[in-house]
Amino acid sequence: SGIMGRKSSSLVVTLAVLFGAMTAICVTLIVLIKNLQQLYSSKPSDPEPTAPPQNQPYLVGVGRADCTGPAADVPLMGYANTQQKAAGIHTRLYSRAFIIDDGSRRVVFVTADVGMISQRVRLEVLQALQQKYGDVYRQDNVVLSGTHTHCGPGGYFQYTLFMISSGGFIKTSIQPLVDGIVKSINRAHQNMRPGRIYRNRGELDHSSINRSPHSYLNNPEDERLRYKDNTDNQVLKQSWSIYSSFRRNHWFAVHAVSMNYTNRLVSSDNMGYASYLLEQDKNPGELPGQGSFVAAFSSSNLGDVSPNTRGPVCMNTGLPCDYLNSSCPVGGTKMCAAFGPGDDMFESTRIIGQNIYRKAKELYATAVDEVTGSVQSAHQWVNMTDVSVQINDTHTVRTCKPALGHSFAAGTTDGGGDLNFTQGAVEGDPFWDGIVGVLLGKPSNETKECHHPKPILFNTGEMNTPLPQLIMLKMDTEVVIAGLSNVYTHYITTYEEYQVQRYEGASTIYGPHTLSAYLQKYRGLARAIAQNQVSELPVGPEPPFFMESLVSLLPAAPVDRKPANTSFGEVLQQVYPIYRQVGLTCGVPQGSELRDKTFVTVEILDNRTETWEVVHTDASWETRFHWLKGSNQQSNATIQWFIPPSAPSGSYRIRHFGHYKALKGLRPIISPYEGSSDVFRVASSFYY
């Protein structure tokens with residue numbers, strides 16, 4: 001399940017959890033099976049699914065599309081910091097789709113540069129696919145997964161918890177995301193052709209740490225001895241050979257939080273940068289987001305895995321944080337934060353992304369194990385608040401109505417909370433319990449007993465509530481967990497880690513036996529596939545699709561203004577003859593008018609043809625587009641180009657594109673504008 005680092009910036013954000021309870025779950029299991037029938041069949045006469053001939057190619061398709069969304073004044077989703085609003089672009093966000101068809105069945109897997117997939121996003125994507133393709137793409141064969149970047153626009157949830165922490169339901173956020181996902185699937189559908197899939201697996205060290213090692217040590221020693229480290233360092237790679245070209249998808253367990261909670265630029269973070277590097281490598285001469293080679297890096301079992309490899313220290317002293325509760329003597333949990341491996345978040349993102357990219361490229365070169373077998377999928381809605389689990393011959397346990405513990409409000413070392421909560425709390429706080437109890441009701445004795453030893457802070461499950469989802473992916477005889485898929489359900493810890501009640505345990509919403517319940521449900525889905533009984537699975541309770549009460553908490557985008565005697569796009573500070581940052585008058589980059597386009601281009605003059613060629617856009621790692629809200633509804637933009645050593649000598653210019661909002665009578669009018677720097681030179685020496 002997904003993990004969202006918390007940095008609550010106000011009591012309102014923290015208490016908002018009470019409004020979002022979770023009562024059911026969608027579980028999707030997608031399987032490429034080889035001998036799964038023999039594994040699960042209880043009778044020799046059980047019917048077997050029809051498999052394609054051995055070593056016959058699949059019909060496969062890949063597609064990529066922009067899903068960036070607004071780049072100004074919209075809360076970024078992940079740290080739950082209401083002050084962290086978008087103010088420009090570090091890198092663009094993309095959706096990457098992969099379709100597999102064995103001739104009789106197909107599945108589509110999408111990984112998008114987004115914090116997590118919300119139920120609302122999935123429902124809207126399925127609606128759009130149904131309108132275009134009928135029953136080809138359905139809830140049982142469409143898997144949408146998020147990379148878990150914490151620097152994408154929020155506002156794409158239909159439930160109150162996330163609506164309050166991300167500015168409500170923001171149409172300008174959800175529409176580009178839904179459109180981008182659908183467009184990537186459309187392109188994959190249109191590009192389908194015969195192809196083969198190869199897999200490989202390898203270890204990637206020095207790119208992640210366990211942010212709750214104390215919890216991990218509570219697991220049985222014999223279980224821990226099965227693994228080399230306290231994090232899953234394996235990278236699983238799939239190469240798709242389509243005629244003479246390859247496309248790739250990879251899974252690696254690490255949080256996309258190299259860009260920390262102080263960042264205000266839209267960014268795909270470390271996983272997105274790995275995709276960027278591989279696509280640039282395999283699409284020479286193409287701009288980011290273009291070219292036929294598609295490389296996706298998907299989230300996996302990243303629960304307690306942080307990329308901030310230097311570990312947590314007290315920012316005011318430089319000394320290590322308290323090992324048990326990740327707090328500091330002065331400043332508490334807010335002062336305890338993990339950093340590294342770079343000196344700043346941009347360098348850390350580059351290092352981690354580059355490490356993942358290099359390992360993926362190495363695995364690609366040695367991949368020879370072909371994936372074969374039929375394509376199978378199973379889907380079921382499950383009420384996860386009331387699952388009975390037989391844990392041994394004599395004991396049966398149950399899941400709980402969802403609730404979040406005190407340590408949830410403490411956040412993590414990737415982004416701690418502002419209030420006086422600490423991780424590892426197994427006792428409540430009379431002050432906070434009193435406030436929450438008066439405002440939103442106290443948990444029943446039954447709920448408190450069910451969640452023990454979690455001290456319940458937010459009793460989300462005893463209210464009239466909506467629901468979320470989870471996903472697991474199983475390929476051939478290789479099991480892959482695709483995290484943050486289809487809907488966000490917080491965490492799943494082991495029973496032993498739950499007892500410690502750090503952030504992850506406090507965020508395991510269905511109680512101490514959550515993991516056992518999930519395993520039981522997935523076992524049932526796998527058995528149904530193996531015995532060709534998927535059609536007999538109960539559908540379960542369908543989720544709602546709310547049409548009302550979806551309110552944006554953000555004010556409408558204002559009319560854009562500019563200083564007297566100036567125009568939009570006018571350069572305020574020119575470049576030097578060699579290089580300098582560029583400031584321009586601009587509008588608010590909040591609409592979707594530049595979807596699949598760019599706010600920024602860096603262009604070089606072709607002296608032979610006297611024409612300008614685009615060499616970088618706002619999707620490039622080398623550029624940063626900063627937006628600054630000024631007074632009197634006047635906005636400025638600063639564009640940075642970090643000139644790489646590989647940049648050819650020559651004449652360059654930087655251009656900015658945007659739209660501004662004005663009133664014609666009482667009717668708002670959106671108009672385009674552009675601006676350009678003076679021409680400047682890039683040279684190997686200042687004495688050119």
Side-chain angles (χ1 to χ4, degrees), residues 59-69 89-100 106-114 117 121 125 128-129 132-133 137 142-149 152 175-193 195 197 237-243 245-251 256 266-299 353 356-357 360-361 364 482 485 592 594-598 614 616-621:
L59 193 63
V60 297
V62 295
R64 176 187 53 237
D66 191 332
C67 63
T68 302
I89 292 180
H90 175 222
T91 56
R92 282 198 168 255
L93 312 181
Y94 291 96
S95 172
R96 297 172 173 91
F98 299 80
I99 300 175
I100 315 172
R106 74 173 51 181
V107 295
V108 55
F109 178 81
V110 176
T111 180
D113 294 325
V114 65
I117 298 296
V121 167
V125 167
L129 293 175
K132 186 175 180 66
Y133 298 106
Y137 301 109
V142 174
V143 180
L144 310 179
S145 179
T147 61
H148 207 33
T149 175
Q175 202 59 54
L177 181 54
V178 170
D179 290 349
I181 292 173
V182 172
K183 184 176 289 187
S184 68
I185 296 174
N186 289 341
R187 289 173 175 170
H189 181 91
Q190 294 163 2
N191 292 332
M192 293 187 72
R193 62 196 67 179
I197 302 174
K237 180 202 68 63
Q238 285 184 349
S239 292
W240 299 38
S241 174
I242 307 176
Y243 291 125
S245 61
F246 282 83
R247 284 86 170 133
R248 281 181 264 178
N249 193 26
H250 313 75
W251 285 268
V266 171
S267 175
S268 59
D269 213 287
N270 46 41
M271 298 290 273
Y273 185 51
S275 291
Y276 172 89
L277 287 173
L278 194 50
E279 290 181 347
Q280 289 294 102
D281 185 10
K282 298 300 180 181
N283 294 313
E286 298 282 0
L287 293 171
Q290 299 179 11
S292 62
F293 189 95
V294 178
F297 288 80
S298 306
S299 62
I356 299 171
Y357 152 73
K361 192 173 181 181
Y364 163 74
S485 300
S592 58
L594 287 181
R595 197 182 311 157
D596 285 327
K597 298 181 182 177
T598 181
V614 176
H616 295 293
T617 66
D618 61 13
S620 301
W621 177 261

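These numbers come from the heavy atoms of this one structure, side chains and all, not from hydrogens, waters or symmetry mates.
- Rounded to the nearest 0.5 angstrom, D66 CG and K183 NZ are separated by 8.0 Å.
- Side-chain contact between I197 and I100 is present, with heavy atoms from C-beta onward closer than 4.5 Å.
- Among residues two or more places apart in sequence or in another chain, the ring pair (Phe, Tyr, Trp, His ring centres under 6.0 Å) test is passed with Y276 by Y273.
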_Does F98 form a side-chain contact (heavy atoms from CB on, under 4.5 Å) with V60? I'd like the steps, not just the answer._
CA-CA 7 Å; F98 299 80; V60 297; over 6 Å; no
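- Note on residues 268-283: pairs passing salt bridge (charged side-chain N to carboxylate O under 4.0 Å, His left out), not counting sequence neighbours, are R64-E279, R96-E279, D281-K361.
- Every residue two or more places apart in sequence or in another chain was checked for a side chain to side chain donor-acceptor pair (under 3.5 Å) with T147, and none qualifies.
- The structure places CD of Q280 at 13.0 Å from CH2 of W621, a figure rounded to the nearest 0.5 Å.
- Residues satisfying the side-chain contact (heavy atoms from CB on, under 4.5 Å) criterion with A360, sequence neighbours excluded, are H250, F297.
- Closest approach of S620 and P288 over heavy atoms only: OG-CG, 3.5 Å.
- In this structure, S299 has no side chain to side chain donor-acceptor pair (under 3.5 Å) partners at least two apart in sequence or on a different chain.
- N186 pairs by the side chain to side chain donor-acceptor pair (under 3.5 Å) definition with Y133, not counting sequence neighbours.
- In this structure, the side chains of E286 and F293 stay at 4.5 Å or more apart for every pair of heavy atoms.
- Between A97 and A188, the closest heavy-atom pair is O-CB, 3.9 Å.
- To the nearest 0.5 Å, atom CG of residue N283 and atom CD of residue Q290 are 9.5 Å apart.
- With contacts defined as side-chain heavy-atom distances shorter than 4.5 Å, the pair L129/V142 qualifies.
- Contact check for D179 versus C67: no side-chain heavy atoms found under the 4.5 Å cut-off.
- Using a 4.5 Å cut-off on side-chain heavy atoms (C-beta onward), H189 and N191 make no contact.
- In this structure, the ring pair (Phe, Tyr, Trp, His ring centres under 6.0 Å) partners of H616, at least two apart in sequence or on a different chain, are W641.
- Counting only N and O atoms by type, the side chains of N249 and S298 include a donor and acceptor under 3.5 Å apart.
- Looking at V266 and H90, their side chains never come closer than 4.5 Å, going by heavy atoms from C-beta outward.
- Checked against side chain to side chain donor-acceptor pair (under 3.5 Å), S268 has the following partners two or more places apart in sequence or in another chain: T91.
- Each of V125, I117, L144 was scored for a side chain to side chain contact (heavy atoms under 4.5 Å, CB included) with V110, with one residue passing: L144.
- Using modelled atom types, no side-chain atom of S239 and backbone atom of Y364 make a donor-acceptor pair closer than 3.5 Å.
- With sequence neighbours excluded, no residue forms a salt bridge (charged side-chain N to carboxylate O under 4.0 Å, His left out) with R187.
- Side-chain contact check for V121 versus I181: some heavy-atom pair is nearer than 4.5 Å.
- Annotation for S184 and A65: closest pair N-CB, 3.7 Å, computed over non-hydrogen atoms.
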*Go through S275 and Y94 one step at a time and tell me if the side-chain contact (heavy atoms from CB on, under 4.5 Å) criterion holds.*
CA-CA 10 Å; S275 291; Y94 291 96; over 6 Å; no
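- I99 places a side-chain heavy atom less than 4.5 Å from the side chain of M192.
- By the ring pair (Phe, Tyr, Trp, His ring centres under 6.0 Å) test, Y357 is found to be paired with no residue, residues two or more places apart in sequence or in another chain being considered.
- Interatomic distance, I89 CD1 to S267 OG, rounded to the nearest 0.5 Å: 10.5 Å.
- Under the 3.5 Å distance criterion, with hydrogens and angles disregarded, a donor-acceptor pair is assigned to the side chains of D618 and T598.
- Nearest approach of T617 to L287, heavy atoms of both residues: CG2-CD1, 4.0 Å.
- Contact detail for L93 and G152: the closest heavy-atom pair is CD1-CA, 3.9 Å.
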